[in-house]
Enquirer: 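Before we start, here is the structure in question, set down as structure tokens.
Every chain is numbered from 1, with letters handed out A, B, ... down the list of sequences.
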There are 2 protein chains.
Amino acid sequence: MREEARPETEYTPVVETRYFTFGNEDDPFELRCGKSLPEVTVAYETWGDPANKDRAILVLHALTGDAHAAGYHSEDIARARAEGREPKPGWWDPMIGPGRPFDTDKYYVICANVLGGCKGSTGPSSINPATGQPWGSAFPFISIKDMVNAQVKLIDHLGIDKLFCVAGGSMGGMQALRWAVDHPQRVQSAIPIATTARHSAQNIAFYEVGRHAIISDPAFLGGDYYGTEGPRRGLAMARMMAHITYMSEKSLHEKFARRIQDPIRAEAPARTETEKADNNASIAAREASRRGVALPQFQVNSYLHHQGSTFVDRFDANSYLVVTRALDYFDLGADFDEDLASAFAETNAEFLVISFSSDWHYPPRDSKSLVNAMRANDVDVTYSDITADWGHDSFLVKEVINGKLGFLVRSFLDNLDKELTDAEES
Amino acid sequence: MREEARPETEYTPVVETRYFTFGNEDDPFELRCGKSLPEVTVAYETWGDPANKDRAILVLHALTGDAHAAGYHSEDIARARAEGREPKPGWWDPMIGPGRPFDTDKYYVICANVLGGCKGSTGPSSINPATGQPWGSAFPFISIKDMVNAQVKLIDHLGIDKLFCVAGGSMGGMQALRWAVDHPQRVQSAIPIATTARHSAQNIAFYEVGRHAIISDPAFLGGDYYGTEGPRRGLAMARMMAHITYMSEKSLHEKFARRIQDPIRAEAPARTETEKADNNASIAAREASRRGVALPQFQVNSYLHHQGSTFVDRFDANSYLVVTRALDYFDLGADFDEDLASAFAETNAEFLVISFSSDWHYPPRDSKSLVNAMRANDVDVTYSDITADWGHDSFLVKEVINGKLGFLVRSFLDNLDKELTDAEES
């Protein structure tokens, strides 16, 4: 296994993205929307020993995540050396590794980029075999169920009969729920974190406005913008707005406390240090100087603009449309006459449900309604609302992972591992 | 008085907007930012008998409001007749009139469009006397203090020494606070509703993203877009996003409940009836049909798009930048060494502070901190957090006005009126 090798670098483990392709004209991949994809590629990474197949953990990523959940890419290590920076670990690195909550000494950990994404799995920016061109506007509607069905193909390919655990935050939690509900015989346990059974009207409203920003950007070209600049402004806007909903008021406040430059002047906070490096700030500054007043910039603007502009460089606008629609249309109770409880009637999984006190994107009440639905079916569920100030994104914050989140996940898995081992031995 | 006349229509009272202009090259209007305006026009309307000057109430409007707080414009009555619709009353009509909370049989009510606005008062779309062209990007930074100072000129012009009451919701509440703090000898009472002493980092973040949408719209042309189409897309985006923050999750949910068209199909709600009338929906529909799937539209999208597109027709983008900056930079404690309490040390006004339980834009805790600051100075303050499900905009909702809000305002004013009358007679 590549990721088991020890490269000539102080960074370990090095992991590489692998690709599994399935389907063809005669045996296409059927989608929930009624359409199908002639061919699907799933990009994935693994950590730990594949010999531990009976202790396989499928980690599921959120809206803007990818298969690179932990470790380092050798290309990035080289690039980092050249650029004199630290290489970037995967998005959930503190959770995955030897001795970490998803302990790679005991468990075989897998993470795959979602169907419809833009990080190696088939999505709108992939080549449509029928045309030899990117799918673009012709890419079909994708649901969370379709993402999970593509993961099922990968799990089959890896020779895994039953997953020891499916775990993820936000959209990753929705996938974990779908796994447990749609494939009860193949899931031992599930850890849905900071997630919901379905979007609130407010969640939908924010994403609809974000999609509107993309679709109404003239550079969107109806979705067939590949080879052109693409709807960069619209996508940045969508990201900036959505990012606000992922942070708590407290974390925003602590990050961007108001500092007053000159109360007599304009009741305004001080200029941010990062402003010069901030294109948008300079736009506003030029505008301000035209207005004849050195208008102070709010730090939060530079920060959000940075979030938006860097996002545009790493994410495809069509994938943002496809994946946010999958989020908005996800409704776990919809297949069960709107009765969420009956969704869990068939599942055999043990659940660890986790929410965060300051999450207003998917507030704790959303997790509680999931827990109530599970308990109505005597499903074995442990629930914890973790007090954390980072809002929805708390599940990605190192302090939270090295604190209560890591502890809960580790104990839950170790306990389940012991139960299974005892059962196997007896 | 024009508004006392009885026109040949069943609609009364008819009111007309009047204009007061002051300042000249030799005596310009000084602004807090250090710049000045050579000439300022204030658009205003009045209701009730000017003979009741000693019982004058200044009503203060919010971000997108104007001087037309109550009654009808004869032009709109004629237009409504032609279009076969009901004419539109002012934005706070149920609050102002004979027997209404702001009782025009007893009180002389005034409302003025804010400085920097686009509804008749001097703003970026006004003609700059120095150039004969619209101010556009040359319009200076305006603060809430400047808006109030312009109102002081109007009140002087109307021969009013001391206002019986200053009242307003949201930004109107900020102006009411400024009046009471900056002009203690001229304010008998103040009713700040659904407001705050300063914006939270989250408030600022949402408005910064909205301003970014406008400024980064190529049609913005650096702010000098008059005579062209202007940044319609950017302004609509800003409005759509901001509007979400003015509504509660509950009101959004009740307005746009998710209905499932075909669970097997796409976990998706039914098409909205208003979709055909909705340009954005049709954009998305065209895009969806290109994707080969009849993608259902969320009602909330049609609604928000309608909010955005109609707003663009009635509001100027530069005014949106100027007025939202006045909101973000407003900080009542900033002039008092960040000590909000000492801001109220000099005020002689009696306060009625009102918040709404479901307001997450300026949550009740913001009003409570205002009340605490007032009480620290033994200021006479009555506080009520009204249970209402309409979020921040509750103060504009007829059910609320005809309920608790109207009752509280009426009792507060009647009681104050009685106190004053007794004092005057004794």
Side-chain angles (χ1 to χ4, degrees), chain A residues 32-35 137-141 143-145 198 200-202 204-206 208-209 211-213 215-216 222-223 233 237 240-241 244 249 252-253 255-256 258 260 263-268 280 283-284 286-288 290-293 295 298 300-301 304-305 325 328-331 334-335 338, chain B residues 32-35 137-141 143-145 198 200-202 204-206 208-209 211-213 215-216 222-223 233 237 240-241 244 249 252-253 255-256 258 260 263-268 280 283-284 286-288 290-293 295 298 300-301 304-305 325 328-331 334-335 338:
Chain A
R32 183 165 194 161
C33 68
K35 313 285 288 184
S137 61
F139 197 77
F141 174 89
S143 69
I144 299 292
K145 197 188 250 308
R198 65 188 214 174
S200 70
Q202 190 180 81
I204 293 170
F206 277 120
E208 281 282 350
V209 173
R211 286 191 293 266
H212 178 74
I215 293 170
S216 65
R233 251 193 320 276
M237 278 302 308
M240 289 170 78
M241 180 177 53
I244 300 173
E249 160 56 24
L252 267 170
H253 179 75
K255 231 182 165 88
F256 314 105
R258 301 172 63 125
I260 305 302
I264 308 307
R265 197 88 189 298
E267 297 169 306
N280 171 59
I283 293 175
R286 278 199 307 279
E287 186 222 354
R290 261 197 309 275
R291 290 188 190 282
V293 40
L295 195 60
F298 289 105
V300 67
N301 187 26
L304 289 173
H305 180 73
R325 286 206 181 93
D328 282 346
Y329 296 177
F330 175 69
D331 187 344
D335 295 353
E338 296 301 314
Chain B
R32 184 166 193 158
C33 68
K35 313 283 289 183
S137 62
F139 197 77
F141 174 89
S143 69
I144 299 291
K145 198 189 249 309
R198 65 189 214 174
S200 69
Q202 190 181 82
I204 292 171
F206 277 119
E208 281 282 351
V209 172
R211 287 190 292 265
H212 180 73
I215 293 170
S216 65
R233 252 193 320 276
M237 280 300 310
M240 289 169 79
M241 179 177 55
I244 301 173
E249 161 55 25
L252 267 170
H253 179 75
K255 231 182 164 88
F256 314 105
R258 301 172 63 120
I260 305 302
I264 308 306
R265 195 90 187 299
E267 298 167 307
N280 171 58
I283 292 175
R286 278 200 305 282
E287 185 223 352
R290 261 197 310 275
R291 291 187 189 284
V293 42
L295 194 60
F298 289 105
V300 68
N301 187 27
L304 289 173
H305 180 71
R325 285 207 181 93
D328 282 346
Y329 295 178
F330 175 68
D331 188 344
D335 295 354
E338 297 301 313

Enquirer: Search all heavy atoms of A:V209 against all heavy atoms of B:M237 and return the closest pair with its distance.
Expert: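 Scanning both residues, the minimum pair turns out to be CG1-CE, 3.4 Å.
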Enquirer: Minimum heavy-atom separation for B:L304 and A:A205, please, with both atom names.
Expert: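 Closest approach of B:L304 to A:A205, heavy atoms only: CD1-CB, 3.8 Å.
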Enquirer: Ignoring hydrogens, what is the shortest heavy-atom contact between B:A201 and A:E249? Give both atom names and the distance.
Expert: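 B:A201 and A:E249 have their closest heavy atoms at N-OE2, 3.6 Å.
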Enquirer: List in chain and number order the residues that pass salt bridge (Lys or Arg N to Asp or Glu O under 4.0 Å) with B:R233, two or more places apart in sequence or in another chain; answer none if no residue qualifies.
Expert: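 In terms of salt bridge (Lys or Arg N to Asp or Glu O under 4.0 Å), with neighbours along the sequence ignored, B:R233 is linked to no residue.
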Enquirer: Taking A:N301 as the fixed residue, which of B:E208, B:R211, B:H212 is the one that meets the side chain to side chain donor-acceptor pair (under 3.5 Å) rule?
Expert: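 Output: one option passes, namely B:E208.
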Enquirer: How many angstroms lie between atom OG of B:S216 and atom NE2 of A:H305, to the nearest 0.5 angstrom?
Expert: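 B:S216 OG to A:H305 NE2: 8.5 Å, rounded to 0.5 Å.
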